[in-house]
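Can you keep this structure in mind? I'll have questions shortly.
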Amino acid sequence: MELFYRSTRGGGPAQTASAAILKGLAQDGGLFVPEILPRLDKSLEELSKMTYQETAYEVMKLFLTDFTEAELKDCIAKAYDSKFDTEVIAPLVEADGAYYLELFHGATIAFKDMALSILPHLLITSAKKNNVKNEIVILTATSGDTGKAALAGFADVEGTKIIVFYPKNGVSPIQEKQMVTQKGSNTFVVGITGNFDDAQTGVKQLFGDQELAVTMDKAGFQFSSANSINIGRLVPQIVYYVYAYAQLLKEGKIINGESINVAVPTGNFGNILAAYFAKNMGVPIAKLICASNENKVLFDFFQTGVYDRNREFVLTSSPSMDILISSNLERLIYMIADANAEKNAALMDALSSQGHYEITQEMKAKLADFVGNYASEQETSSKIKELYKKTGYVIDTHTAVASVVFDKYKKATNDTTKTIVASTASPFKFTRSVMNSIDKEYDAMDDFALVDTLSKLANVTVPKAIEEIRTAPVVHDTVCSKEEMKSVVMNFLL
């Protein structure tokens with residue numbers, strides 16, 4: 001049965017999976033959602049005997065129904081190959097009463113690799129299926145990780161260009177170095193004098209600019225997205241929750257059908273939404289623990305039913321979560337509004353014009369499986385130190401946020417359900433914050449001396465992604481205001 005996709009705001013006809021991937025964002029500014037959420041057609045027992053690649057096929061075939069088996073398997077084989085530094089792609093590490101799902105073993109040492117290593121292949125296949133002659137221009141905003149993962153995925157991929165916008169003073173030094181040293185004749189990186197929300201809003205405005213679309217089409221270009229607003233980014237993320245459950249089953253940590261909880265450090269809401277999709281597909285996930293940093297807009301939303309971005313923007317040590325507009329939440333809002341696109345569009349209009357909206361009590365009742373909380377900067381830092389001292393295991397700042405919130409949930413509920421904590425970035429990506437948490441004395445070291453010290457402390461080899469940027473020259477130094485984003489794009493392409 002073919003699965004079609006509709007905009008969360010109701011505009012335009014239903015799209016095939018490949019057309020939705022190509023468009024990235026719906027023409028009316030909405031996000032593409034499947035008309036129904038499919039159920040797994042393999043048992044958890046069967047899945048427990050599969051490799052990551054085989055699991056990926058079993059999950060993704062249910063969503064990308066206009067891809068042939070050969071096309072989809074080819075995309076998966078090209079994505080999940082030797083660029084990952086562990087054979088199992090997403091290992092589970094048991095530490096201090098939680099299972100840390102390490103999603104950072106790809107080319108850029110962050111969880112975005114799990115989806116962004118396959119997106120270029122899905123896009124190129126989609127372009128061929130839809131007889132696209134234009135060159136595809138990936139426009140994306142990043143709070144730190146998506147940018148480098150997308151750049152690495154699309155660098156020198158024929159028929160594509162990629163433009164990444166990031167907040168100039170809102171990412172870690174390692175994150176920035178990873179992006180501005182990116183090679184590839186089709187890559188372009190721009191720092192903006194603003195925060196991530198400014199970058200993300202600017203990119204959405206470029207997608208909605210019909211006049212610009214006509215200009216680009218005449219020049220042989222069309223825009224698409226690599227952010228988690230693209231359904232081609234979200235679907236591959238569902239895979240690792242299915243895989244993680246199956247691995248716990250395989251290792252005898254749980255019995256078949258036993259429920260687990262999932263704790264996810266959350267910014268743009270894509271990662272935890274993928275877990276929600278996995279739950280609705282038949283994975284026995286009980287609670288979805290949504291962890292925020294001091295930009296706790298999601299915590300407040302789950303507490304009150306009011307989403308309010310009218311607040312101070314806080315720069316934290318977990319910058320990938322420094323977000324006040326969680327774009328992917330729109331997909332969940334649409335679903336709990338019983339797929340009422342008109343109601344969802346009205347709420348999103350209110351967010352755009354007034355900076356806040358409130359859901360109904362009926363909608364709030366459908367969020368019972370979600371639990372929101374947040375970690376302060378001090379709690380995050382203390383958790384890194386405490387876990388290291390107790391177990392020798394070193395986690396990054398984002399993973400620490402989720403770990404703190406998981407601890408708070410356990411203390412409040414006495415829930416002993418086995419829990420997966422999504423470990424979304426390598427500690428090497430946020431070395432200074434991690435090392436300062438363990439001991440303030442490390443702050444006197446330069447970034448790469450810290451890297452080597454962390455390697456010895458954690459007894460982990462320095463990732464290739466870090467070694468590559470030690471001496472790499474800066475090749476991207478463009479900085480602009482948020483108002484200049486359109487002209488920067490036009491200057492690069494035309």
Side-chain angles (χ1 to χ4, degrees), residues 85-86 89-106 108-114 143-146 149 171-172 174-175 237 240-241 244 260-272 274-275 288-296 298 316-323 372-410 418-438 454 457-458 460 463 465-466:
D85 64 20
T86 51
I89 309 286
L92 279 162
V93 175
E94 192 173 354
D96 196 28
Y99 295 93
Y100 289 86
L101 178 61
E102 292 188 344
L103 300 171
F104 53 75
H105 290 283
T108 73
I109 56 174
F111 82 101
K112 308 291 171 76
D113 287 324
M114 302 299 295
S143 53
D145 288 337
T146 287
V171 299
S172 80
I174 296 283
Q175 284 178 312
Q237 291 181 263
Y240 48 73
Y241 292 108
I260 61 166
N261 292 334
V262 176
V264 186
T266 308
N268 219 12
F269 209 76
N271 204 359
I272 196 163
L288 297 142
I289 302 167
C290 178
S292 300
N293 64 17
E294 288 183 4
N295 291 291
K296 56 189 181 66
L298 287 165
T316 73
S317 61
S318 47
S320 301
M321 301 160 68
D322 289 349
I323 292 172
N373 213 321
Y374 75 101
S376 70
E377 284 290 89
Q378 183 55 53
E379 287 170 328
T380 302
S381 181
S382 297
K383 183 66 196 187
I384 293 168
K385 182 174 186 174
E386 174 199 318
L387 191 63
Y388 170 67
K389 296 288 185 196
K390 201 169 179 181
T391 66
Y393 187 56
V394 181
I395 55 175
D396 90 296
T397 46
H398 302 74
T399 307
V401 167
S403 193
V404 168
V405 169
F406 169 50
D407 288 345
K408 287 181 176 180
Y409 170 76
K410 268 195 308 187
K418 295 183 181 78
T419 299
I420 288 171
V421 175
S423 186
T424 53
S426 163
F428 287 96
K429 200 151 193 170
F430 303 93
T431 327
R432 188 164 299 279
S433 295
V434 169
M435 296 299 281
N436 274 347
S437 297
I438 292 170
L454 173 57
L457 269 185
V460 175
I466 299 293

Contacts of type salt bridge (charged side-chain N to carboxylate O under 4.0 Å, His left out), residue Lys418, not counting sequence neighbours: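 Checked Lys418 against salt bridge (charged side-chain N to carboxylate O under 4.0 Å, His left out); matches are Glu258.
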
Side-chain (Lys112) to main-chain (Gly144) donor-acceptor, under 3.5 angstrom: no

Salt bridge (charged side-chain N to carboxylate O under 4.0 Å, His left out) partners of Lys383, counting only residues at least two apart: Glu386, Asp407

Thr391 side-chain N/O to Leu387 backbone N/O, donor-acceptor pair under 3.5 Å: yes

No-hydrogen, no-angle side-chain donor-acceptor test under 3.5 Å, Thr397 and Ser318: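 Side-chain D/A pair, Thr397 to Ser318: absent.
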
Partner residues of Ser376 under the side chain to side chain donor-acceptor pair (under 3.5 Å) criterion, sequence neighbours left out: Glu379

Side chains of Tyr99 and Ile260 in contact at under 4.5 Å (non-hydrogen atoms): no

Test item: Pro319 and Ser143 side chains (from C-beta on) under 4.5 Å apart, heavy atoms: no

Heavy-atom neighbours of Tyr100 OH exceed 12 at 6.0 Å: yes

Which residues share a side chain to side chain donor-acceptor pair (under 3.5 Å) with Ser426, sequence neighbours left out: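 If we apply the side chain to side chain donor-acceptor pair (under 3.5 Å) test to Ser426, skipping adjacent residues, there are no hits.
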
Any Tyr409 side-chain heavy atom under 4.5 Å of Asn261 side chain: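 A side-chain contact under 4.5 Å exists here.
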
Side-chain touch Val93/Glu102, heavy atoms, less than 4.5 angstrom: yes

All ring pair (Phe, Tyr, Trp, His ring centres under 6.0 Å) counterparts of Phe428, not counting sequence neighbours: none

Test item: Glu377 side-chain N/O and Glu294 main-chain N/O as donor-acceptor pair under 3.5 Å: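 It does not hold such a pair.
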
Rounded distance (nearest 0.5 Å) linking atom CD1 of Ile438 with atom NZ of Lys389: 7.5 Å

Rounded distance (nearest 0.5 Å) linking atom OG of Ser423 with atom OH of Tyr393: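 Rounded to the nearest 0.5 Å, the OG-OH separation comes out at 4.5 Å.
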
Side chain to side chain donor-acceptor pair (under 3.5 Å) partners for Thr431, two or more places apart: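 Not a single residue meets the side chain to side chain donor-acceptor pair (under 3.5 Å) criterion with Thr431.
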
Approximate separation, where rounding is to 0.5 Å, of Ile89 CD1 and Leu103 CG: 11.5 Å

Listed partners of Thr86 passing side chain to side chain donor-acceptor pair (under 3.5 Å), at least two apart: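 If we apply the side chain to side chain donor-acceptor pair (under 3.5 Å) test to Thr86, skipping adjacent residues, there are no hits.
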
Phe430: partners by ring pair (Phe, Tyr, Trp, His ring centres under 6.0 Å), with sequence neighbours left out: His398

Among Thr424, Asp396, Asp145, side-chain hydrogen bond (donor to acceptor under 3.5 Å, both in side chains) partner for Lys429: Asp145

Any pair counted as salt bridge (Lys or Arg N to Asp or Glu O under 4.0 Å), so long as it reaches residues 89-101, sequence neighbours left out: Glu94-Lys253, Asp96-Lys390

Set of residues satisfying salt bridge (charged side-chain N to carboxylate O under 4.0 Å, His left out) with respect to Lys410, sequence neighbours excluded: none

Heavy-atom side-chain contact between Ile323 and Asn295 under 4.5 Å: no

Contacts of type salt bridge (charged side-chain N to carboxylate O under 4.0 Å, His left out), residue Asp322, not counting sequence neighbours: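 Counting only residues at least two positions away or on another chain, Asp322 forms no salt bridge (charged side-chain N to carboxylate O under 4.0 Å, His left out).
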
Nearest non-hydrogen partners of Val421 and Ser403, listed with the distance: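 Smallest interatomic distance, heavy atoms only, reads CG1-N, 4.3 Å.
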
Ser437 (side chain) donor-acceptor with Ser433 (main chain) under 3.5 angstrom: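 Yes; judged by distance alone, with no hydrogens or angles, the pair exists.
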
Approximate separation, where rounding is to 0.5 Å, of Tyr241 OH and Ile420 CD1: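 Between Tyr241 OH and Ile420 CD1, I get 8.5 Å after rounding to 0.5 Å.
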
Atom pair OG1/CD1 of Thr266 and Ile272 - distance to nearest 0.5 Å: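 One gets 4.0 Å once the value is rounded to the nearest 0.5 Å.
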
Close side-chain approach of Thr380 to Asn293, heavy-atom, < 4.5 Å: no

Residues which pass ring pair (Phe, Tyr, Trp, His ring centres under 6.0 Å) with Tyr240, listed by chain and number, not counting sequence neighbours: none

